[in-house]
Amino acid sequence: MPAREALRLEGLAVGDLEGVTLSVEPGEVVCLSGPSGCGKSRLLRAVADLDPLEGGEVRLGDLARTAVPGHAWRRRVRLVPAESQWWDERVGEHFLSGVAEEGLAALGFDDATLDWPVARLSSGERQRLALLRALAPLPSALLLDEPTANLDAETAQRVERWLLSRLREAGWPTIWVAHDTAQIARVADRHLRLEAGRLIEAGDAT
Ligand SMILES: Nc1ncnc2c1ncn2[C@@H]1O[C@H](COP(=O)(O)OP(=O)(O)OP(=O)(O)O)[C@@H](O)[C@H]1O
């Protein structure tokens, strides 16, 4: 199990965002909301080293993003994007490090799902399987971009509970982009909004 470390965004500049500073403690969930197009996804992509940073630094514990190769950073800081990518024919081919039966069952699947062709997946199945895939090779920090956007309310809450138990147990600092205020109230330790290029406190999440 990776060490429990805080994730720190130090004065990040990405697109229209400037001076974005945020510290997320191990096992803490910071929900991020804001109007469409304000830069939430872009910020997560930059923290995950999938888009360039125009300024600032990201740290996981004592490790600076710029101090390790991109692939080593991305192994630790795992982004689950809103739209997942699938490149092989069968679901199981995307789980190179294996997948726990418990995780499959918790999200409504079983071993047979690994034989399914990717082409048959519904958008909600894709989203749940993308979460399992992202968490299978254990990360150290988690970036979730609307992880339940394609799910009905009941399934969304089931996924929320599973995610919360996993990240609390593992101590992953988590940034969770969400629009649904009820969901934010359920999962957030802190709620921040991106407005006019800056992060602001959105008040007590509970
Ligand atoms: N690589 C890029 N280069 C230039 N502009 C970009 C890039 N990626 C995204 N943008 C633009 O940056 C802005 C923020 O996009 P982003 O996807 O982060 O929005 P968002 O806050 O996640 O919105 P939504 O809630 O609709 O998903 C948008 O205007 C988008 O068109």
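Atoms within a ligand are numbered from 1 in the order they appear, just like the ligands themselves.
Of all the listed residues (G37, G15, S33), G37 holds the heavy atom that lies closest to atom 28 (C) of ligand 1.
The shell of residues lying under 4.0 angstrom from ligand 1, judged by heavy atoms, excludes G34.
Geometrically, R133 engages W86 in a cation-pi contact, judged by NZ or CZ lying under 6.0 Å from the ring centre and within 45° of the ring axis.
Looking at ligand 1, you won't find any N or O of D51 less than 3.5 Å from one of its N or O atoms. Taking distance alone, with nitrogen or oxygen atoms compared against 3.5 Å, L43 stays at or beyond that limit from ligand 1.
In this structure, the protein non-hydrogen atom closest to atom 17 (O) of ligand 1 is S41 CB, 3.5 Å. Considering only non-hydrogen protein atoms, atom 18 (O) of ligand 1 sits nearest to R42 N, 2.8 Å. Atom 25 (O) of ligand 1 has as its closest protein heavy atom K40 NZ, 2.8 Å. From the protein, the heavy atom lying nearest to atom 26 (O) of ligand 1 is S36 OG, 2.6 Å.
Under a cut-off of 6.0 angstrom, the local environment of CD in E102 is crowded, with over 12 non-hydrogen atoms contributed by other residues, nucleotides or ligands. Within a 6.0 Å sphere centred on CD of E18, other residues, nucleotides and ligands contribute 12 heavy atoms or fewer.
Residue contact check: H179 has heavy atoms under 4.0 Å from atoms 25 (O) of ligand 1.
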Check your understanding: What do the steps show when you test R166 against L142 for side chain to side chain contact (heavy atoms under 4.5 Å, CB included), and what is the final call?
Key -> CA-CA 11 Å; R166 298 286 289 115; L142 206 49; over 6 Å; no
Show the atom names and distances, to 0.1 Å, of all donor-acceptor pairs under 3.5 Å that link a side chain in residues 111-120 to residues at least two apart or in another chain.
{"residue": "T113", "atom": "OG1", "partner": "D110", "partner atom": "N", "Å": "3.2"}
{"residue": "T113", "atom": "OG1", "partner": "D110", "partner atom": "O", "Å": "2.9"}

List the atom pairs, with distances to 0.1 Å, where a side-chain N or O of residues 48-59 and a protein N or O form a donor-acceptor pair under 3.5 Å, not counting sequence neighbours.
{"residue": "D49", "atom": "OD1", "partner": "R65", "partner atom": "NH1", "Å": "3.3"}
{"residue": "D49", "atom": "OD2", "partner": "R74", "partner atom": "NH1", "Å": "3.0"}
{"residue": "D51", "atom": "OD1", "partner": "R45", "partner atom": "NE", "Å": "3.4"}
{"residue": "D51", "atom": "OD1", "partner": "R45", "partner atom": "NH2", "Å": "3.4"}
{"residue": "D51", "atom": "OD2", "partner": "R45", "partner atom": "NE", "Å": "3.2"}
{"residue": "E54", "atom": "OE1", "partner": "G15", "partner atom": "N", "Å": "3.2"}
{"residue": "E54", "atom": "OE2", "partner": "G15", "partner atom": "N", "Å": "3.3"}
{"residue": "E57", "atom": "OE1", "partner": "R65", "partner atom": "N", "Å": "3.4"}
{"residue": "E57", "atom": "OE2", "partner": "T66", "partner atom": "OG1", "Å": "2.4"}
{"residue": "R59", "atom": "NE", "partner": "E10", "partner atom": "OE1", "Å": "3.1"}
{"residue": "R59", "atom": "NE", "partner": "E10", "partner atom": "OE2", "Å": "3.2"}

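For atom 8 (N) of ligand 1, a protein heavy-atom neighbour is found at a distance under 4.0 Å.
One hydrophobic cluster, built from ILVMFWY side chains closer than 4.5 Å, holds both L12 and V77.
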